[in-house]
Amino acid sequence: MSEFLQQLLNGLSLGAIYALIALGYTMVYGVLRFINFAHSDVFMVGAFIGYYMGKLVPEGTLWGGLAVLGVAMIGCALLGMTIERLAYRRLRSAPTLNVLITAIGVSLLLEYTGQVFFGAAPRNFPAIFPVRNFQIGGVIIGSNQLIVIAVSVVLMIVLQLIVYRTRIGTAMRAVSLNPKAAVLMGVNNDVVISFTFGLGSALAAAGGILYALNYPSIDPLMGVMPGLKAFVAAILGGIGNIPGAALGGLILGTVETFVSGSQWSTYKDAIAFAILIIILLFRPAGLLGRFTVEKV
Amino acid sequence: MLSITDLSVSYGAISALSGISFSINQGSIVTLIGGNGAGKTTTLRTISGLLRPKAGRIEFLGEDITKLAAHKIVARSLCHVPEGRMIFSNLTVDENLSMGAYLQRDPELIAKNRDYVFSIFPRLKERVKQMAGTLSGGEQQMLAIGRALMSNPKFLMLDEPSLGIAPRLISTIFEKIVEINQKQGITILLVEQNANLALEVSQQAYVLETGRIVMQGESKQLRTDPQLKATYLGG
Ligand SMILES: Nc1ncnc2c1ncn2[C@@H]1O[C@H](COP(=O)(O)OP(=O)(O)O)[C@@H](O)[C@H]1O
Ligand SMILES: [Mg+2]
């Protein structure tokens with residue numbers, strides 16, 4: 001039993017990180033109908049900003065950790081908005097394939113620019129938050145896990161409030177439902193799309209820091225695997241659906257953790273793709289998604 | 001209030017409007033009628049900035065708005081209720097109305113406009129928390145018009161408000177269109193395939209045929225025009 005609870009806890013904290021990344025994929029898909037493959041590299045940049053910022057604050061303090069988190073989120077928000085402005089905006093009316101190829105190009109650019117600046121060798125991520133382990137029953141709860149869960153829950157609540165309670169959030173939903181009608185209401189779609197990239201990239205940065213806390217070896221290609229899994233999580237939940245991305249992330253993290261703790265542990269990375277294939281075969285709109293007829 | 005000069009629009013190589021000119025006086029209801037594919041929707045979409053004309057000029061309240069971005073045109077109190085309503089189906093009725101008031105900053109004015117919308121369309125008030133996609137066609141049209149009124153327009157363009165709506169709701173909606181014009185002083189450009197109805201509520205009319213204006217005049221007179229009768233008014 002305690003073994004089960006332990007795995008569940010580990011799974012949910014990994015899943016919360018996937019969820020944070022998946023939210024960015026799904027929000028951008030919502031407003032632009034394409035998968036931003038560079039998103040996983042924004043996640044990596046978030047971790048590296050954390051790495052360098054971590055040297056400027058005393059290790060192991062809560063305020064220091066939160067400050068690093070905040071700077072990484074702001075930095076990546078700016079990066080995401082810059083990518084949208086420079087690479088994607090002029091392709092607004094281009095065929096989807098052109099945009100996808102551009103996204104892959106941006107992704108490679110970030111990965112290999114990262115190797116130039118940060119080097120290809122892995123680096124040790126500093127312990128920016130205080131580290132302690134708590135034991136409850138037979139379950140060991142690491143403070144890093146608690147931080148992952150607390151930060152993700154807070155960010156998701158904030159995101160929910162932004163999307164459902166603010167003017168720009170309502171505009172985001174309106175743009176994703178019908179961009180032309182939104183324009184007719186006086187919405188500047190460029191501003192909304194830019195905001196969406198900023199928001200999604202800030203969440204990816206948080207994901208990058210939280211991931212690095214728990215897997216403290218970072219390198220410029222570190223975004224690839226978690227990025228792919230978060231992408232699967234977004235599809236699993238229903239691409240374009242915000243609660244779906246959160247749910248998909250949690251499910252994927254939990255399943256992966258249970259598989260890696262079992263006799264089939266060698267398949268822990270394959271499981272995401274098995275889930276992807278199953279969902280595409282049996283429920284392509286995802287768990288919370290619905291088939292919508294594309295408007296002409 | 002609005003004046004269009006030699007407006008030409010094409011989709012790629014296909015020409016949809018070939019040099020149309022017309023103007024609309026403040027306070028009136030003007031209708032643009034014509035068969036399917038005549039270019040009515042194209043005209044409205046070009047005025048509201050969704051399409052860019054190949055040639056010609058659009059002036060609104062004495063200013064050239066031909067090259068203005070669509071979201072800036074709304075800010076000048078010219079609002080377009082598009083064909084097919086285009087309500088935000090997964091937003092509530094209330095959120096749809098809030099989107100209509102997107103550029104409005106004065107909470108009192110927003111509240112006043114919302115009350116006005118509910119006073120002319122009480123059905124919307126009963127359904128404020130409902131997802132807009134669950135409304136009937138007629139209710140969605142009411143919402144589309146209500147949403148436009150939330151932007152506090154001086155000039156309203158309606159694209160086929162009778163399309164796909166139960167006949168008994170059509171008369172309600174047209175009564176309200178007249179009321180909006182008379183009580184709120186909002187100038188209206190009404191696009192319709194239902195020419196009888198459109199000529200009944202409007203003062204001026206333009207008839208569009210394959211991208212050209214082929215007839216124009218007072219609606220009263222056009223209603224009895226033998227040629228128009230034969231083509232558009234069912235004999
Ligand atoms: N998106 C489009 N792409 C290409 N041609 C179009 C498009 N929309 C309309 N057209 C063409 O332009 C002409 C005018 O269409 P439209 O303005 O929709 O007419 P109406 O509203 O009077 O029915 C038609 O010949 C139509 O086929
Ligand atoms: Mg039309």
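Throughout, protein chains are lettered first and strands after them, A, B, ... in sequence-line order, and every chain is numbered starting at 1.
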*asked:* Once side chain to side chain contact (heavy atoms under 4.5 Å, CB included) is applied, do any residues pair with A/Ala245, and if so which ones, sequence neighbours excluded?
replied: A/Ala22, A/Leu23, A/Thr26
*Would you indicate whether B/Tyr11, at its atom OH, is surrounded by more than 12 heavy atoms from other residues, nucleotides or ligands within a distance under 6.0 Å?*
yes
*Indicate the atoms forming the closest heavy-atom contact of A/Leu184 with B/Cys79, along with that distance.*
O-SG, 4.3 Å
*Search all heavy atoms of B/Phe88 against all heavy atoms of A/Ala174 and return the closest pair with its distance.*
CE2-O, 3.5 Å
_Side-chain touch A/Arg173/B/Leu91, heavy atoms, less than 4.5 angstrom_ = yes
_I'd like to know whether NZ of B/Lys176 has more than 12 heavy-atom contacts from other residues, nucleotides or ligands below 6.0 angstrom._
yes
*Tell me, please, which residues at least two apart from A/Ile101 pass side chain to side chain contact (heavy atoms under 4.5 Å, CB included).*
A/Leu97
_Residues of residues 36-72 of chain B contacting chain A, heavy-atom criterion under 4.5 Å, by residue number_ = B/Arg45, B/Ser48, B/Leu50, B/Ala70, B/His71
*Hey, which residues of residues 96-105 of chain B are touching chain A, say heavy atoms under 4.5 Å apart?*
B/Met99, B/Gly100, B/Tyr102, B/Leu103, B/Arg105
*Please indicate whether A/Arg85 has more than 12 foreign heavy atoms, meaning atoms of other residues, nucleotides or ligands, lying under 6.0 Å from its CZ.*
no
